[in-house]
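Side chains included, hydrogens not; waters and symmetry mates left out as well; all remaining heavy atoms used. For clarity, every value in this text was computed on a predicted model and none was experimentally measured.
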Amino acid sequence: MTEFGENFEDSPLRSTGPNESIALTESREDSELFISVEPDRTTFMVYGALNLESAQTLSHYLDRFHLYSQPGDSLELEACALTFVDSRTVKLLLDTTNLCKSMGVDFSVRNLDPTLKRTLEICGVTDQLNLKFDALPEG
């Protein structure tokens, strides 16, 4: 795995080969963004709040993903550790969904907390998002 830090801006945010993956961590006061890029999918994992500031950071990296994505690519937002969303985040999710559809990229929001899922239901957008939930282990 290749780690990108300060020079990540120069990275194409795309795996360079079948066994190559890259990772990035970006921390903010109330959130942390981890990006994992593998040959078959790119995963954005957010820890904490997605508010105006952190949503702008996420938007920046999503834009970088879209620059290098191709039809058939897969993008996931792993949301199991997401604790807060605001209206900017809801718009970002909708915009990302629409852009990915137009580009032939599969985009899903995974494992959203039930409280945040309810927030999106109140906003009336859950039917526009590809929400996926992993099965919980039994026992």
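- Considering only heavy atoms from C-beta on, Asp106 comes within 4.5 Å of Asn130 through its side chain.
- For the pairing with Leu112, the side-chain contact (heavy atoms from CB on, under 4.5 Å) check across Leu82, Thr126, Thr119 returns one residue only, Leu82.
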Audit row: Thr97, Val109, side chain to side chain contact (heavy atoms under 4.5 Å, CB included) steps and yes/no: CA-CA 10 Å; Thr97 297; Val109 179; 5.9 Å; no

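- For the atom pair CZ (Arg64) and CG (Leu62), the distance works out to 12.0 Å, reported to the nearest 0.5 Å.
- Looking only at side-chain heavy atoms (C-beta outward), Met45 and Cys80 come within less than 4.5 Å of each other.
- Note that CG of Leu77 and CG of Leu93 are 6.5 Å apart. Values are rounded to the nearest 0.5 Å.
- In this structure, Leu120 CG and Cys123 SG are separated by 6.0 Å, a value rounded to the nearest 0.5 Å.
- Residues Leu58 and Leu33 have side chains in contact (heavy-atom distance under 4.5 Å, counting atoms from C-beta outward).
- Within the 3.5 Å criterion, the main-chain N or O of Val46 finds no donor-acceptor partner in the side chain of Ser31.
- Ser36 and Glu38 make their closest contact through OG-OE2, 3.4 Å (heavy atoms, listed as atom of the first residue, atom of the second, distance).
- Asp63 places no side-chain N or O within donor-acceptor distance of the main-chain N or O of His66, the cut-off being under 3.5 Å.
- Between the Ser108 side chain and the Lys132 main chain, no donor and acceptor come within less than 3.5 Å of each other.
- Atom CZ of Phe65 and atom CG of Leu75 lie 4.5 Å apart (nearest 0.5 Å).
- Considering all non-hydrogen atoms of both residues, Ala49 and Ser54 come closest at O-OG, 3.0 Å.
- Looking at heavy atoms from C-beta onward, Asp113 lies out of side-chain contact with Thr83 at the 4.5 angstrom threshold.
- Rounded to the nearest 0.5 Å, atoms CD (Glu121) and CG (Asp127) are 10.0 Å apart.
- Considering only heavy atoms from C-beta on, Arg88 comes within 4.5 Å of Ser59 through its side chain.
- Closest of all the heavy-atom pairs between Val105 and Gln70 is CG2-O, 3.6 Å.
- Contact of the Leu129 side chain with the Val125 side chain is registered, since non-hydrogen atoms from C-beta on lie closer than 4.5 Å.
- With hydrogens and angles disregarded, no donor-acceptor distance shorter than 3.5 Å links the side chain of Asn51 to the backbone of Phe84.
- Residues Leu116 and Leu52 do not share a hydrophobic cluster, defined by chaining ILVMFWY side chains whose heavy atoms lie under 4.5 Å apart.
- Expressed to the nearest 0.5 Å, how far CZ of Arg110 lies from CZ of Phe44 amounts to 15.5 Å.
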